[in-house]
Amino acid sequence: MTTAQELWDDVDAYFTTLLSPTDEVLAAALRDSEAAGLPPINVAPNQGKLLQLLALIQGARRVLEIGTLGGYSTIWLGRALPADGRLVTLEYDATHAEVARRNLARAGLDSIAEVRVGPALESLPKLAEEHPPPFDLVFIDADKVNNAHYVKWALELTRPGSLIVLDNVVRGGRVTEADSEDPSVLGTRAALELMASHPRLSGTAVQTVGSKGHDGFALARVTG
């Protein structure tokens, strides 16, 4: 008997093969990440394609990513940018960052993508002190405990019309548990509540099933 997960995997494989086919650069990024011992928590290919399409729909020229891992999602996002675009991605772990830099170089994106190493809550204030032009899209996929802080910083670094994407918001369904003691659940709930209450944000969240199990993401548009 086919399990639910097997069915989700089959559907994801069909969608990916048809609409988000991989290539050697993306495949190599995953292989090198695995060989380096990075956790297999990168976005799925169809989710990567969604990020790319969102960036293209935005007409994005500047993207901020919080949580690089091996650079797999960074490649999808970077491919949506023009030749003079800029992508800043923040990674806590120096080993992960080095893998990501190699993967980005192979993808031909090292001229527009910059990997910054260190805790994001230290890197973000430093980035803000540089007074960069506003980012058109921010993708948040780092430690979930600090999700609300990341959304606040995203607001500081964007403009009206920018898009904020927050990944992994379902937490296996536990996001509904107001009395949860899981810091990742609490951090995610805080970020969603901020999106709901902040006067400069209009957002929604979508739960998904697929090769990554029961998951989901939130989208918020900066309105003012």
Would a hydrophobic clustering, with Ile, Leu, Val, Met, Phe, Trp and Tyr connected at side-chain separations under 4.5 Å, put [X] with [Y]?
X: Leu157; Y: Val63; answer: no
X: Val206; Y: Val165; answer: yes
X: Leu121; Y: Val151; answer: yes
X: Ile164; Y: Leu81; answer: no
X: Leu54; Y: Val43; answer: yes

Item to check | Stepwise side-chain contact (heavy atoms from CB on, under 4.5 Å) check, Arg171 with Lys144 | outcome: CA-CA 10 Å; Arg171 314 311 305 160; Lys144 311 310 173 186; 3.7 Å; yes

Side-chain touch [X]/[Y], heavy atoms, less than 4.5 angstrom:
X: Leu77; Y: Leu137; answer: yes
X: Pro45; Y: Tyr72; answer: yes
X: Leu163; Y: Ile57; answer: no
X: Trp76; Y: Leu50; answer: no
X: Val222; Y: Arg159; answer: no
X: Glu34; Y: Arg31; answer: no
X: Leu26; Y: Ile75; answer: yes
X: Pro82; Y: Arg61; answer: yes

Return the minimal non-hydrogen interatomic distance between [X] and [Y], and the atom names on each side.
X: Ala218; Y: Leu192; answer: CB-CD2, 3.8 Å
X: Gly70; Y: Asn103; answer: O-ND2, 2.8 Å
X: Val138; Y: Phe135; answer: CG2-CB, 4.3 Å
X: Ser73; Y: Glu65; answer: OG-OE2, 2.5 Å
X: Ala29; Y: Arg106; answer: N-NH1, 3.9 Å
X: Ile112; Y: Ala83; answer: CG2-O, 3.4 Å

Report the distance from atom [atom1] of [X] to atom [atom2] of [Y], rounding to the nearest 0.5 Å.
X: Asn146; Y: Lys152; atom1: CG; atom2: NZ; value: 10.5 Å
X: Leu51; Y: Phe139; atom1: CG; atom2: CZ; value: 4.5 Å
X: His198; Y: Thr223; atom1: NE2; atom2: OG1; value: 9.0 Å
X: Arg86; Y: Glu114; atom1: CZ; atom2: CD; value: 5.0 Å
X: Trp8; Y: Thr2; atom1: CH2; atom2: OG1; value: 13.5 Å
X: Leu127; Y: Glu156; atom1: CG; atom2: CD; value: 11.5 Å

Checklist entry - With a cut-off of 6.0 Å (strictly less than), are more than 12 heavy atoms of other residues, nucleotides or ligands near CD of Gln5? => result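 It does: Gln5 CD has more than 12 such atoms within range.
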
Next on the checklist: Within the supplied structure, the quantity of interest is the number of heavy atoms (other residues, nucleotides, ligands) at a distance under 6.0 Å from Glu181 CD; does it exceed 12?
Outcome noted: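 No, CD of Glu181 has 12 or fewer neighbouring heavy atoms, counting only those of other groups under 6.0 Å.
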
Item to check | Among Leu124, Asp141, Leu155, side chain to side chain contact (heavy atoms under 4.5 Å, CB included) partner for Tyr150 | outcome: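 That would be Leu124; it is the only one of Leu124, Asp141, Leu155 passing the side chain to side chain contact (heavy atoms under 4.5 Å, CB included) with Tyr150.
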
Keeping [X] on the side-chain end and [Y] on the backbone end, is there a donor-acceptor pair under 3.5 Å?
X: Glu6; Y: Thr3; result: yes
X: Gln58; Y: Gly161; result: yes
X: Arg79; Y: Gln52; result: no
X: Arg116; Y: Leu90; result: no
X: Glu91; Y: Thr68; result: yes
X: Lys49; Y: Leu19; result: yes

Checklist entry - Yes or no on side-chain contact (heavy atoms from CB on, under 4.5 Å) for Leu69 and Leu38, after CA distance, side-chain angles and deciding distance? => result CA-CA 7 Å; Leu69 196 62; Leu38 275 61; 4.2 Å; yes

Check [Y] with [X], please: is the shortest side-chain N to carboxylate O separation under 4.0 Å?
X: Asp182; Y: Arg174; answer: yes
X: Glu129; Y: Lys126; answer: no
X: Lys212; Y: Asp167; answer: no

Next on the checklist: Could you check whether Thr188 and Asn147, counting side-chain N and O atoms only, form a donor-acceptor pair closer than 3.5 Å?
Outcome noted: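 Side chains of Asn147 and Thr188: pair found under 3.5 Å.
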
Item to check | Verdict with supporting geometry, Val99 and Arg102, side-chain contact (heavy atoms from CB on, under 4.5 Å) | outcome: CA-CA 5 Å; Val99 173; Arg102 292 196 298 269; 3.6 Å; yes

